[in-house]
Engineer: 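Sharing a structure below in structure tokens format, with a few things to ask.
Quick caveat, the model's predicted, so the values are computed rather than measured. Letters go in sequence order (proteins before strands), and every chain restarts at 1. Heavy atoms only: backbone and side chains are in, while hydrogens, waters and symmetry mates are out.
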There are 2 protein chains.
Amino acid sequence: MHSEKFKNLIKFISRFVEFTELEMRTMLDCIEIIQLKKNEKFVNEGEIANRIAFTNKGYLRVYYIFDGEEITRDITPLNTFATALPSFISQIPSYEIISAISDCELFVIHKKNLDNMYLNFPKWERFGRRIIEEMFVESQRRVYSFITESAETRYKKLLIQHPEMIRDVPLKYIADYLGIKLQSLSRLRKSVE
Amino acid sequence: MHSEKFKNLIKFISRFVEFTELEMRTMLDCIEIIQLKKNEKFVNEGEIANRIAFTNKGYLRVYYIFDGEEITRDITPLNTFATALPSFISQIPSYEIISAISDCELFVIHKKNLDNMYLNFPKWERFGRRIIEEMFVESQRRVYSFITESAETRYKKLLIQHPEMIRDVPLKYIADYLGIKLQSLSRLRKSVE
DNA sequence: GTAATTATTTAACAAATGTTAAATGATTAT
DNA sequence: ATAATCATTTAACATTTGTTAAATAATTAC
């Protein structure tokens, strides 16, 4: 059985909706496992995102090109779903690029399989809704942190909530994520210790 | 028939999923229309949000108390859905407060009716997912604007995208929404003209 | 193992935004 | 109509963050 391999994914899913063995297996059967080397891309600019990934190992980052520069908009923690959502939803070319910060193992589901699951098992549609709800709430939390908190506070909170991220992810990405420049982050780190 | 009254709502919904007359009427039948006077609340602090509102007239704002001060986190444009989502999803007391900036007419759906719709008509579940997806994308756009844009740029873009909002909503709420102080907004407005 | 590349820090100065306080304008209640 | 309240602006100064440039540290490729 593959439940051991997919342990983290199953655990994640079960937090939202309870599935029967059959329902779960239907999903696991259409998963493709891919390994990405550091800096390899999961979604390229201009490409239509037709897959969604669960990060079983490693970190992904979502970035886009702004004024010729890469700006990291998001860093996915372990064991979360990631895709270039605007592209995935509307099937338009993606301006977001997703690439591996470290070597990654991804559990990948193709959009057409997902759409089938949605059609055949309404519970999966519910799961889709619930997971997006959670992503939305998290995104709002971030908006809220930009509105009320200083860069220093945002950094300190990230340090508490995802210490492993700060250990493993280059600071330039962390700085982008926090909405400040690398040098400002460096200054701020000194004052925080 | 009530389709005239609910014209904007129907138009909004039809952008996401196509419903039959019956499916649409099932939903419209459980709508409660409420009028809020300026400053009246739709969700109170500590209350469990069990309703979702479509803003047919007027603006709502979502705010919370931080350090004894009201901080406006969001201003809902006309013809959108609003609720205190973390509370609505998880049925926990809301830290977010929702109140009317101007006199409002809201089309309100109770959570239990919504849950019934989800159960009886899978298409509504799809609608729920699609609308949250859209809200998520919008929320991400905002995160992105905090990361890459100056307050001045954020203001200018708001001016272009929602000129009516800047006309109708007190600037202190706009300032919060943009993540800056009222005085900074004022200064910035002078330099923008 | 050494050179090349990439990551991080440091520092001086510039620009943006916050803070405090007050003045002016607009709206609302009586 | 007038006073009271609320909204917006202004200004001086403080703090935070950005910018440019360089130094140091760590990692990677050969």
Engineer: Report the distance from atom CZ of A:R189 to atom C1' of D:dT17, rounded to the nearest whole Å.
Structural biologist: 17 Å
Engineer: Given D:dA7, C:dT17, D:dT17, identify the nucleotide with an atom nearest to the side chain of B:R187.
Structural biologist: C:dT17
Engineer: ring-ring contact (aromatic ring centres under 6.0 Å, His included), that's the test. Do A:Y173 and A:Y63 meet it? Break it down for me.
Structural biologist: CA-CA 9 Å; A:Y173 302 147; A:Y63 67 96; 7.8 Å; no
Engineer: Without decimals, in angstroms, what is the distance between A:I101 CD1 and C:dT6 C1'?
Structural biologist: 15 Å
Engineer: Verify the cluster assignment for A:I101 and A:I97: are they in a single hydrophobic cluster under the rule of side-chain heavy atoms below 4.5 Å apart?
Structural biologist: no
Engineer: So, is A:S150 near the phosphate of D:dT16, with a side-chain N or O under 4.0 Å from OP1 or OP2?
Structural biologist: no
Engineer: Ignoring the backbone of B:L182, work out which of D:dT9, D:dT28, C:dT17 is nearest its side chain.
Structural biologist: D:dT9
Engineer: Report yes if a side-chain nitrogen or oxygen of A:S186 is closer than 4.0 Å to either non-bridging phosphate oxygen (OP1 or OP2) of C:dT8; otherwise report no.
Structural biologist: no
Engineer: Charged N to carboxylate O below 4.0 Å: is that the case for A:E138 and A:R141?
Structural biologist: yes
Engineer: Compute the bend angle of the helix from C:dG1-D:dC30 to C:dT30-D:dA1 from the end axes (five pairs per end), rounded to 10°.
Structural biologist: 50°
Engineer: Please report, rounded to the nearest Å, how far the P atom of C:dT17 is from the CZ atom of B:F146.
Structural biologist: 12 Å
Engineer: Is there a path of hydrophobic side-chain contacts, each under 4.5 Å between heavy atoms of I, L, V, M, F, W or Y residues, that connects B:I52 with B:I48?
Structural biologist: no
Engineer: Should the pair A:F12 and A:F16 be assigned to parallel (<30°), tilted (30 to 60°) or perpendicular (>60°) ring geometry?
Structural biologist: tilted
Engineer: Side chain of B:Q183: nearest nucleotide among D:dT19, C:dG18, C:dT19?
Structural biologist: C:dT19
Engineer: Counting only non-hydrogen atoms, which of residues 171-180 of chain A are less than 4.0 Å from DNA chain D?
Structural biologist: A:G179, A:I180
Engineer: Tell me the interatomic distance from A:L188, atom CG, to C:dT10, atom P, rounded to whole angstroms.
Structural biologist: 13 Å
Engineer: Tell me: OH of B:Y155 to P of D:dT9, nearest whole Å?
Structural biologist: 8 Å
Engineer: Choosing from C:dT9, D:dT8, C:dT28, which nucleotide comes nearest the side chain of B:P170?
Structural biologist: D:dT8
Engineer: In whole angstrom, give the distance that lies between atom NZ of A:K38 and atom C1' of D:dA26.
Structural biologist: 11 Å
Engineer: Name the one of A:F66, A:F146, A:Y64 that satisfies ring pair (Phe, Tyr, Trp, His ring centres under 6.0 Å) with B:Y144?
Structural biologist: A:Y64
Engineer: Count I, L, V, M, F, W, Y as connected when their side-chain heavy atoms are under 4.5 Å apart, and connections chain through other members. Are A:M135 and A:L78 then in the same cluster?
Structural biologist: no
